[in-house]
Protein chains: 2
Amino acid sequence: MIKLDIANAIMQAHPCSRATALQAVDLLTERMKQALLDGDRIEIRGFGVFEPRPRKRGMGRNIKTGDSVAIPKGKSIRFKPGKDLRAIEVG
Amino acid sequence: MIKLDIANAIMQAHPCSRATALQAVDLLTERMKQALLDGDRIEIRGFGVFEPRPRKRGMGRNIKTGDSVAIPKGKSIRFKPGKDLRAIEVG
DNA sequence: GTTGGCAATGTCGAGCTTGATCATGGAAAC
DNA sequence: GTTTCCATGATCAAGCTCGACATTGCCAAC
């Protein structure tokens with residue numbers, strides 16, 4: 001599934017041009033990115049929760065040189081699947 | 001950020017009633033859930049990638065009894081933040 | 001206002017995870 | 001339809017993180 005599929009979903013819910021739907025998708029992702037970058041978490045009941053989380057590790061490796069490189073501190077985003085997504089049973 | 005905020009974002013992109021916006025959000029989450037449950041991964045360039053992943057581990061624990069319990073096989077959803085979200089630097 | 005999904009707690013183990021680099025496939029933009 | 005640009009994959013190593021279970025309280029959702 002790619003952005004176009006999501007745009008199609010929006011078009012189903014609200015008849016409009018594909019361009020408009022794509023704009024909506026872009027705006028959504030933009031808003032979500034903003035929220036996450038802002039440090040806020042996104043909680044959608046029944047779907048999942050996006051949660052920004054600081055990282056601490058610092059050990060990488062260079063394929064070519066095979067040398068270990070220090071990983072600079074940063075943040076990660078964790079997505080916790082909600083109940084509906086946890087409903088995934090024996091695949 | 002909760003579902004209402006996302007609905008507001010949609011309303012900004014496409015003037016409509018809050019109910020319609022909420023419907024769009026629900027439809028989106030529904031579609032995404034469907035795709036993930038279907039085993040398909042969602043790839044949004046610049047935002048991130050949702051990827052269903054089978055679990056293998058099998059060691060849990062019971063708080064009360066303190067007894068180890070076998071974790072039933074299942075699946076997990078991994079969200080890989082895209083470049084824009086990796087842009088999170090020193091928080 | 002009501003409902004009920006989600007968070008936190010705590011343990012313990014093992015698989016998962018990040019990171020750089022280079023080529024390639026494919027998503028996104030034009 | 002074409003081009004551009006991003007994500008993936010693989011490796012190695014150390015660390016970290018989920019995973020379930022059971023209860024309580026909060027807050028999202030209706």
Side-chain angles (χ1 to χ4, degrees), chain A residues 1-8 18-19 21-23 25-26 28-30 33 35 40-89, chain B residues 1-8 18-19 21-23 25-26 28-30 33 35 40-89:
Chain A
M1 168 180 277
I2 59 178
K3 195 185 284 188
L4 284 179
D5 296 308
I6 299 180
N8 287 334
R18 191 175 56 193
L22 282 174
Q23 283 181 18
V25 178
D26 283 337
L28 273 191
T29 53
E30 195 69 19
K33 280 195 295 187
D40 290 330
R41 83 171 190 207
I42 305 177
E43 183 170 344
I44 307 295
R45 209 67 161 234
F47 178 70
V49 180
F50 296 87
E51 190 171 21
R53 213 182 37 176
R55 247 187 325 120
K56 281 203 219 62
R57 281 183 273 180
M59 261 281 85
R61 198 171 188 80
N62 187 328
I63 282 188
K64 290 210 313 187
T65 67
D67 207 27
S68 46
V69 251
I71 298 177
K73 61 174 174 171
K75 284 185 189 167
S76 286
I77 307 281
R78 187 168 86 118
F79 171 71
K80 280 197 276 188
K83 178 165 156 282
D84 291 351
L85 281 181
R86 295 178 72 80
I88 302 182
E89 288 300 334
Chain B
M1 169 179 278
I2 58 178
K3 195 185 286 186
L4 284 177
D5 297 308
I6 300 181
N8 287 334
R18 191 176 56 192
L22 282 173
Q23 283 180 17
V25 178
D26 283 337
L28 273 190
T29 53
E30 195 69 20
K33 280 194 297 187
D40 290 331
R41 83 172 189 207
I42 304 176
E43 182 170 343
I44 306 295
R45 210 64 159 234
F47 178 69
V49 180
F50 296 88
E51 190 171 20
R53 199 186 49 182
R55 250 184 322 121
K56 283 203 210 73
R57 283 182 274 178
M59 262 285 85
R61 199 169 188 83
N62 187 327
I63 283 188
K64 290 209 315 185
T65 67
D67 207 26
S68 47
V69 248
I71 298 178
K73 61 175 174 172
K75 286 183 187 167
S76 285
I77 308 281
R78 188 170 85 118
F79 172 71
K80 279 197 279 190
K83 179 164 154 282
D84 290 352
L85 281 181
R86 295 178 72 80
I88 303 182
E89 287 300 333

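Model, not experiment: these values are computed from the prediction. Basis for what follows: all heavy atoms, side chains included, without hydrogens, waters or symmetry-related copies. Below, chain A is the first sequence line, B the second, and so on; all start at residue 1.
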Checklist line | Short side-chain N/O contact from A:Arg53 to OP1 or OP2 of D:dC16, under 4.0 Å | finding: no
Checklist line | D:dG19 phosphate, OP1 or OP2, under 4.0 Å from B:Ser76 side-chain N/O | finding: yes
Note to self: Can you tell me whether the side chain of A:Arg45 and the base of C:dG5 have a donor-acceptor pair closer than 3.5 Å?
What the structure shows: yes
Next item on the list: Verify the contact: side-chain N or O of B:Arg61 to OP1 or OP2 of C:dC12, cut-off strictly under 4.0 Å; return yes or no.
Entry: yes
Checklist line | Of A:Leu22 and B:Pro81, the one whose closest DNA chain C nucleotide lies more 5' | finding: B:Pro81
Next item on the list: Over 60° means perpendicular and under 30° means parallel, so classify the ring planes of A:Phe79 and A:Phe47, tilted if in between.
Entry: tilted
Margin query: I'd like to check A:Leu28 versus B:Leu28 (side-chain heavy atoms, cut-off strictly below 4.5 Å). Are they in contact?
Written below: yes
Note to self: Strictly below 4.0 Å: does A:Lys3 bring a side-chain N or O up to OP1 or OP2 of C:dA29?
What the structure shows: yes
Margin query: Go nucleotide by nucleotide along DNA chain C from the 5' end; which of B:Arg78 and B:Gly46 gets its closest nucleotide reached first?
Written below: B:Arg78
Check: Is B:Arg55 reaching over with its side chain to a backbone N or O of B:Pro72, donor-acceptor style, under 3.5 angstrom?
Finding: yes
Note to self: side chain to side chain contact (heavy atoms under 4.5 Å, CB included), that's the test. Do B:Ile6 and A:Ile44 meet it? Break it down for me.
What the structure shows: CA-CA 10 Å; B:Ile6 300 181; A:Ile44 307 295; 3.5 Å; yes
Next item on the list: Would you tell me if any nitrogen or oxygen in the side chain of B:Lys64 comes within less than 4.0 Å of OP1 or OP2 on C:dT9?
Entry: no
Item checked: Atom-to-atom span, CD1 of B:Ile44 to P of C:dA27 - whole angstrom -> 11 Å
Next item on the list: To the nearest Å, give me how far apart CD1 (A:Ile42) and P (C:dA7) are.
Entry: 14 Å
Next item on the list: Describe the nucleic acid contact of B:Gly66 in one word from base, sugar-phosphate, nothing, applying a heavy-atom distance below 4.0 Å.
Entry: nothing
